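One structure below.
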There are 2 protein chains.
Amino acid sequence: MADQEGGRLLTHTIKDVAKLAGVAPSTVSRVIADSPKISAKTKARVKAVMAELGYHPNVHARNLVNKQTNVIGVIMPSVSYAPFQNPFFPEVLRGITAQANEDKYGLYLSTGQLESDIIEEVKEMVHSRRVDGMILLYSTTADPVIPFLLEENFPFVVIGRPPEQLEGVVSYVNNDNVKAAKMLTEYLLLLKHQRIGFIGGRKDAYVTLDHREGYCEALTSAGLEINEGDLVYHDEVFEGGEQAVIELMAQVTPPTAIIVADDLMALGVLRMLSSMGYQVPKDISVVSFNNVLMSELASPPLTTMDIQIYELGFKSAELLRKRIANPDLPMQAVKVGHRLVRRETSQAIERQ
Amino acid sequence: MADQEGGRLLTHTIKDVAKLAGVAPSTVSRVIADSPKISAKTKARVKAVMAELGYHPNVHARNLVNKQTNVIGVIMPSVSYAPFQNPFFPEVLRGITAQANEDKYGLYLSTGQLESDIIEEVKEMVHSRRVDGMILLYSTTADPVIPFLLEENFPFVVIGRPPEQLEGVVSYVNNDNVKAAKMLTEYLLLLKHQRIGFIGGRKDAYVTLDHREGYCEALTSAGLEINEGDLVYHDEVFEGGEQAVIELMAQVTPPTAIIVADDLMALGVLRMLSSMGYQVPKDISVVSFNNVLMSELASPPLTTMDIQIYELGFKSAELLRKRIANPDLPMQAVKVGHRLVRRETSQAIERQ
DNA sequence: TTGTATGCGTTATCAG
DNA sequence: CTGATAACGCATACAA
């Protein structure tokens with residue numbers, strides 16, 4: 001009955017409890033599962049012993065026989081996305097955490113630094129049955145993860161959207177990024193801006209493609225033509241914004257407004273513009289996406305498109321839970337709304 | 001040999017591999033462990049079969065017999081700390097992730113929202129042997145988690161510092177927050193500031209207590225007396241900064257400089273000051289701690305104390321790994337350096 | 001160098 | 001209502 005060895009506490013097993021309570025191990029197991037076929041009396045006795053021993057079931061033994069873990073995997077994008085610099089990720093994690101906690105689900109975080117690490121990690125998670133399902137925190141065009149998970153018929157949800165050819169097969173939670181970008185563009189158009197710059201993120205991210213599409217739609221509908229020089233793309237979150245400004249403003253007639261993929265990037269834009277002597281919003285308007293806390297704290301505070309990041313996380317966990325419970329459920333797509341948060345970086349054009 | 005059932009892929013076991021390779025299961029197991037007593041020939045053959053089948057060992061079976069998981073638990077502070085709003089946490093997670101990835105360790109994230117949830121979650125993690133060790137991302141005075149882990153003799157590392165009475169028993173990674181705060185105060189003193197406000201975070205957090213101590217030390221050494229009205233504390237990250245300014249500046253003779261617990265809070269301070277018509281740094285200097293990315297993007301960019309958050313995370317994971325490998329190791333404390341990053345929110349006092 | 005047998009802590013099936 | 005007992009998938013001591 002030694003329960004310490006080398007100072008290391010040995011956990012009790014179901015057998016210890018059984019012995020002490022004078023019942024069979026299977027009975028203890030039933031008590032844990034709160035089986036209705038156990039008399040209240042034995043239940044009470046066993047529970048008392050469990051408490052006395054500080055007994056907790058070993059998760060690995062349990063997972064082994066149950067073939068499920070009650071853990072969901074969260075796949076972060078590779079570091080090249082700067083996932084830990086951009087407040088998007090903490091916020092989406094917050095939503096996932098909240099829902100997971102409600103469902104008594106645990107969270108297993110991917111640690112892969114490179115793109116190549118990530119697919120390997122995902123494979124390991126799936127094959128070794130480490131998690132019951134996953135949430136992908138990104139969506140890009142050439143990503144190998146989605147096809148793999150599909151082939152394995154493993155429950156997963158992507159935040160963002162899957163490639164067109166997989167539309168209707170992959171469950172996801174997303175904003176209508178096309179519409180959001182269109183709205184943002186139209187807003188600037190209504191402020192009489194005619195030349196609008198567009199700073200996108202990674203070219204292989206679907207958000208970027210969708211933003212671009214919305215931007216173009218709005219311009220076309222307004223009878224304006226798209227000036228290729230007005231569209232630039234940058235990977236790096238903050239520095240990218242700074243670089244982009246140079247490219248945009250170096251044109252013979254520079255834009256009077258800029259749409260930026262991300263709030264953080266917009267801060268870079270603001271800073272570079274200010275260093276060039278431009279005043280925002282007097283000389284040039286700047287609007288962006290995401291509405292993270294920081295956008296309110298910027299100076300001037302950013303006009304930005306709120307995309308309900310927390311909801312994105314919360315709903316994805318919710319959707320995943322459903323799919324784990326019923327893996328043969330048809331694909332589902334959840335839309336999360338957006339809304340323009342007007343602050344102080346946008347204004348109507350003044351000069352004629 | 002059906003490997004699909006209800007559309008759900010069944011993972012292969014060590015036996016499948018054994019059969020297909022024409023060896024015993026134990027041999028396969030040895031190949032996985034890369035045992036030296038297996039001939040290169042069989043090793044190759046078995047490995048080929050593993051690859052062909054896409055075999056990965058079932059982690060639960062393995063954890064069950066090995067009594068270890070290769071997973072470390074990361075305990076976030078309760079939401080009242082706004083862990084997901086403050087860039088400190090993503091950054092420390094980045095460090096942990098990098099080191100964990102190197103060591104082939106997985107990360108299990110706590111999801112508890114309330115303080116009371118958290119201790120329960122920790123107990124479950126320990127008793128059910130879900131993780132091999134943990135990292136606590138916070139340290140407060142009345143926290144029940146540390147005593148519990150100590151009693152269980154469970155490997156853990158805290159980022160921050162343990163209570164005094166547990167000093168020498170608990171391993172931790174921390175900055176010298178007293179010194180850092182003292183240095184920051186002395187810097188302002190050298191800039192001829194005589195009245196320095198202090199905005200601390202949660203009163204039960206050791207960082208706050210240490211900051212306060214350093215602040216007082218510096219003032220006392222300079223022969224100045226401590227004006228209780230100059231010290232205020234706030235929990236909420238951003239709004240707290242705004243509130244604090246009111247309290248500080250409402251004094252008959254307000255301070256000419258302010259030390260703020262956190263960059264994010266400092267943004268709130270800047271904003272409130274600006275709305276009151278104060279110019280930073282001309283009218284009042286503002287300095288803070290952490291040097292998160294955002295502090296550079298603020299306007300004006302913040303003078304702040306860099307505390308190497310990434311290192312804090314990285315080293316804690318490193319230390320934990322050691323302690324897991326050798327649980328009887330005497331307690332260790334790792335210090336991480338700090339350095340003042342001078343930007344544009346601090347300047348010498350002008351008027352006499 | 002490889003195979004056989006047993007146990008890790010649970011759950012579930014079958015008797016009783 | 002409760003008790004044996006056989007899996008779950010792997011690792012290891014012991015044989016060969």
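Quantities reported herein were computed from a predicted structural model and do not represent experimental measurements. Labels below follow one simple rule: chain letters A, B, ... track the order of the sequence lines, proteins then strands, and each chain is numbered from 1.
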**Prompt:** A:S26 has a side chain; which of C:dC14, D:dA13, C:dA12 sits nearest to it?
**Reply:** C:dA12
**Message:** Output the rounded distance in Å from CE (B:M50) to C1' (D:dG9).
**Reply:** 15 Å
**Prompt:** Could you give the CG-to-P distance, from A:N63 to D:dG9, as a whole number of Å?
**Reply:** 13 Å
**Request:** Scan B:I14 against the nucleic acid and name what it touches under 4.0 Å (heavy atoms): base, sugar-phosphate only, or nothing.
**Result:** sugar-phosphate
**Item:** d(NE2, B:H60; P, D:dA11) in whole Å
**Value:** 14 Å
**Request:** Would you indicate which nucleotide in C:dG3, C:dC8, C:dG9 comes nearest to any side-chain atom of B:V65?
**Result:** C:dC8
**Complete:** Whichever of B:L64 and B:P36 has the more 5' nearest nucleotide on DNA chain C, that residue is B:P36
**Fill in**
The single option from B:V28, B:V46, B:L53 that satisfies side chain to side chain contact (heavy atoms under 4.5 Å, CB included) with B:L20 is B:L53
**Item:** Position toward the 5' end of DNA chain D (nearest nucleotide), A:P25 or B:T13
**Value:** A:P25
**Asked** Nearest to the side chain of A:I38, which nucleotide is it out of C:dG3, C:dG9, D:dT2?
**Response** D:dT2
**Message:** Can you tell me if A:T27 touches the phosphate of D:dT2, counting only side-chain N or O atoms and a distance under 4.0 Å to OP1 or OP2?
**Reply:** no
**Side chain of B:N66 - closest among D:dT2, D:dG9, D:dT12** = D:dT12
**Request:** Classify the side chain of B:R129 and the base of C:dT10 as holding, or not holding, a donor-acceptor pair under 3.5 Å.
**Result:** no
**Message:** Do B:D143 and B:Y138 pair up side chain to side chain, a donor and an acceptor below 3.5 Å, judged on atom types alone?
**Reply:** yes
**Request:** Starting from P on C:dT6, measure out to NZ on B:K15 and report it in whole angstrom.
**Result:** 14 Å
**Asked** From the list D:dG9, C:dT13, C:dT2, which nucleotide is the closest neighbour of the side chain of A:R30?
**Response** C:dT13
**Message:** Using the rule side chain to side chain contact (heavy atoms under 4.5 Å, CB included), only one of B:R323, B:M134, B:M125, B:H127 pairs with B:F154; which is it?
**Reply:** B:M134
**Backbone of B:N63 reached by a side-chain donor or acceptor of B:T69 within 3.5 Å** = no
**Request:** Please report, rounded to the nearest Å, how far the C1' atom of C:dT10 is from the CZ atom of A:R62.
**Result:** 8 Å
**Asked** Quick one: A:I32 CD1 to C:dA12 P, roughly how many Å, whole number?
**Response** 11 Å
**Listed nucleotide nearest any side-chain atom of A:S39, set C:dT10, D:dC1, D:dC10** = D:dC1
**Request:** Figure out the NE2/C1' separation between B:H12 and D:dC8, and round it to whole Å.
**Result:** 17 Å
**Asked** Which residue pairs satisfy the ring pair (Phe, Tyr, Trp, His ring centres under 6.0 Å) criterion with at least one member in residues 93-118 of chain B, sequence neighbours excluded?
**Response** none
**Request:** Please determine, for the side chain of B:K37, which listed nucleotide (C:dG9, C:dT2, D:dC10) has the closest atom?
**Result:** C:dT2
**Item:** Residues A:Q113, B:T97; criterion side chain to side chain contact (heavy atoms under 4.5 Å, CB included); working and verdict
**Value:** CA-CA 8 Å; A:Q113 311 281 302; B:T97 299; 3.3 Å; yes
**Prompt:** Starting at NE2 of A:H127 and ending at C1' of D:dC10, how long is that distance when rounded to a whole Å?
**Reply:** 18 Å
**Prompt:** Can you tell which of D:dG9, D:dC10, C:dT1 lies closest to the side chain of B:T42?
**Reply:** C:dT1
**Asked** Counting only side-chain N and O atoms of B:K67, is one of them less than 4.0 Å from OP1 or OP2 of C:dG9?
**Response** yes
**Message:** Using a 4.0 Å heavy-atom cut-off, does B:V28 contact any base of the nucleic acid, only the sugar-phosphate backbone, or nothing at all?
**Reply:** nothing
